[in-house]
Amino acid sequence: MKIASWNVNSLNVRLPHLEQWLRDAAPDVVGLQETKLEDAKFPDTALAGFGYRSVFHGQKTYNGVAILARERAIEDVQAGIPGFEDDQKRVIAATVGDVRIVNLYVVNGQDVGTDKYAYKLRWLDAVHAWLADELQRHPKLVVLGDFNIAPDARDVHDPEVWNEAHILTSTAERDALRRLQALGLHDAFRLHSDEAGVFSWWDYRQAAFRRNLGLRIDLTLVSDALRPRAAASGIDREPRTWDRPSDHAPAWVTLAG
DNA sequence: ATGGTTGACATTCAA
């Protein structure tokens with residue numbers, strides 16, 4: 001079972017890329033972020049034509065998440081973090097086969113010390129409390145998405161710039177990610193590689209992709225129960241080379257069985 | 001310190 005995460009930065013613009021990548025990569029389950037589409041405009045019919053069912057939770061202009069699944073039912077759909085008031089559509093969870101999928105579009109946070117940064121940390125606290133509970137109900141859990149946090153120095157092109165005081169790498173953000181991982185959620189990519197310089201996001205500016213000035217902020221976390229089944233994990237750079245790309249590349253994990 | 005690019009929407013905001 002191949003499970004992937006992709007921040008498409010507007011599904012309206014990126015639908016042709018998504019179709020091509022679904023064909024190339026043939027994932028079984030996909031979590032999308034930044035669809036930027038209200039639910040009435042979600043292209044579920046087009047996706048069904050590519051062989052994927054979909055559930056979605058979106059809004060106009062900003063945010064928006066979805067889960068797609070090929071040849072499988074998508075059950076017990078949860079939109080948003082239970083009990084956490086949020087105008088921003090950043091979370092959808094569902095069960096596919098024997099695996100619970102939680103798809104997160106984590107708050108960016110703008111800059112350390114801003115209101116948006118405070119919201120990011122509050123939001124991550126709410127996610128932590130929810131996932132602790134979710135793991136009790138669903139031990140076979142995959143938490144994936146655009147985390148907007150680079151786990152450590154190997155995951156940034158320049159650790160001196162992306163340091164403990166910088167957004168996406170600050171101490172409080174990394175601590176919040178570590179607290180999620182301490183629930184028993186493992187960065188699938190790091191189960192198989194200690195390589196530095198493998199990124200999932202490159203700024204549109206300053207030819208960052210060509211120069212590989214990126215960050216690894218798109219993650220697939222697998223629970224303790226799924227860890228033995230995590231056979232491989234990687235990032236598909238190719239869609240980032242296509243014309244008019246998303247600034248993010250798809251990240252994936254394969255589960256045996 | 002600023003601006004560099006993209007997307008959505010309407011001229012500036014968010015990333």
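All heavy atoms count here, side chains included; hydrogens, waters and symmetry mates do not. Here is the naming used below: chain letters follow the sequence lines, and residue numbers restart at 1 for every chain. Values in this document were obtained by computation on a predicted structure and should not be read as measured data.
Using a 4.0 Å cut-off between a side-chain N of Lys or Arg and a carboxylate O of Asp or Glu, A:Asp152 and A:Arg174 do not qualify as a salt bridge. Salt-bridge check for A:Glu134 with A:Arg100: passed, with a basic side-chain N closer than 4.0 Å to an acidic carboxylate O. Residues A:Arg122 and A:Asp86 are not paired through a salt bridge, judged by the lack of any N-O separation under 4.0 Å between the basic side chain and the carboxylate. Look at A:Arg179 and A:Asp125 and you find a salt bridge, because one of the NZ, NE, NH1 or NH2 atoms lies within 4.0 Å of a carboxylate O, short of that distance. With salt bridges taken as basic N to acidic carboxylate O contacts below 4.0 Å, one links A:Arg178 and A:Asp175.
To the nearest angstrom, C1' of B:dC13 lies 10 Å from NZ of A:Lys36. Taking atom CG of A:Asp247 as the reference point, atom C1' of B:dA14 lies 11 Å away to the nearest angstrom. Taking atom CD of A:Gln33 as the reference point, atom C1' of B:dG7 lies 16 Å away to the nearest angstrom. Taking atom CH2 of residue A:Trp202 and atom C1' of nucleotide B:dA15, one finds them 16 Å apart after rounding to whole Å. The distance from atom CD1 of A:Ile149 to atom P of B:dA15 is 14 Å, rounded to the nearest whole Å. The separation between A:Leu11 atom CG and B:dG7 atom C1' is 13 Å, rounded to whole Å. In this structure, CD of A:Gln59 is placed 12 Å from C1' of B:dA8, rounded to the nearest angstrom. Rounded to whole Å, atom P of B:dC13 lies 18 Å from atom NZ of A:Lys60.
Checking the phosphate oxygens (OP1, OP2) of B:dA14, no side-chain nitrogen or oxygen of A:Arg90 falls inside 4.0 Å. Phosphate proximity of B:dA14 to A:Lys116: present, with a side-chain N or O under 4.0 Å from OP1 or OP2. When the side-chain nitrogen and oxygen atoms of A:Arg244 are compared with OP1 and OP2 of B:dG7, one or more of them lie within a distance under 4.0 Å. OP1 or OP2 of B:dG7 lies within a sub-4.0 Å distance of a side-chain N or O belonging to A:Arg14.
Nucleotides B:dA1 and B:dT12 are separated by 25 Å at their P atoms, to the nearest Å. Of the P atoms belonging to B:dA14 and B:dA10, the separation is 14 Å, rounded to the nearest Å.
DNA chain B is contacted by both A:Tyr204 and A:Val13; A:Tyr204 maps to the nucleotide lying nearer its 5′ end (nearest heavy atom per residue). Mapping A:Pro245 and A:Asp146 onto DNA chain B by nearest heavy atom places A:Pro245 closer to the 5' end of the strand.
Nearest to the side chain of A:Glu34, among B:dA15, B:dG4, B:dA14, sits B:dA15.
A:Phe209 comes within 4.0 angstrom of nothing in the nucleic acid, heavy atoms only.
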